[in-house]
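Structure, as structure tokens:
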Amino acid sequence: QVQLVESGGGVVQAGGSLRLACTASGRTFNSGTMAWFRQAPGKEREFVAAFGWSGGSPYYGDSVKGRFTISRDSAKNTVYLQMNSLKPEDTAVYYCAARASFVSAVYDYWGQGTQVAVSS
């Protein structure tokens, strides 16, 4: 069975840093097709970070630009999200997702999420 497993969530104070990881199993993905989303309680899912077309330069949601960095390790089938200068409003469940290929228009696979809580 295909699985995406997130790790690295936890509790951190405002201004701190945290690194999330997502590793795929059950099949091999090009890590350039993987991305990060988040959802806070009572709010809609929000885009966080992804790689450009064909796994190129990354792009980010406006709320995290300049603070978060997405990276990948293709050999490990893993994508990371480095989160710096965390704010209380970053508190959410963070999900990784993957497309079946570079030409897929939707994210077909999703992880269970990892909780990030930022205290003031």
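Each residue takes its place number in the sequence, starting with 1. The structure presented is a predicted model; accordingly, all values stated were derived computationally and were not measured.
The line from OG of S7 to CZ of R19 is 8.5 Å long, rounded to the nearest 0.5 Å. How far OH of Y109 is from CD of Q3: 12.5 Å, rounded to the nearest 0.5 Å. The distance from atom CG of L86 to atom CD of Q13, rounded to the nearest 0.5 Å, is 11.5 Å. One finds the CZ atom of R72 at 6.0 Å from the CG atom of N30 (value rounded to the nearest 0.5 Å).
Proximity of F51 to S31: side-chain heavy atoms (C-beta onward) are nowhere separated by under 4.5 Å. No side-chain heavy atom of V11 sits under 4.5 Å from any side-chain heavy atom of Q115. The shortest distance between side-chain heavy atoms of T69 and Y80 does not fall below 4.5 Å. Side-chain contact between R38 and V64 is present, with heavy atoms from C-beta onward closer than 4.5 Å. For the pair V79 and L81, the minimum side-chain heavy-atom distance is 4.5 Å or more. Residues M83 and L20 form a side-chain contact, since some pair of their non-hydrogen atoms from C-beta on lies under 4.5 Å apart. Contact of the F68 side chain with the W36 side chain is not registered, since no non-hydrogen atoms from C-beta on lie closer than 4.5 Å.
Between W110 and Y95, the ring planes are perpendicular. Angles over 60° get that label, and only those under 30° would be called parallel.
The aromatic ring centres of F47 and Y59 sit less than 6.0 Å apart.
Classification of K87 and D90 as a salt-bridged pair fails, no side-chain N sitting under 4.0 Å from a carboxylate O.
At distances below 3.5 Å, at least one donor-acceptor pair connects side-chain atoms of E6 with backbone N or O atoms of G113. Side-chain atoms of T114 do not come within 3.5 Å of backbone N or O of Y94 as any donor-acceptor pair.
Scanning both residues, E46 and S63, for their nearest heavy atoms gives OE2-OG, 2.9 Å.
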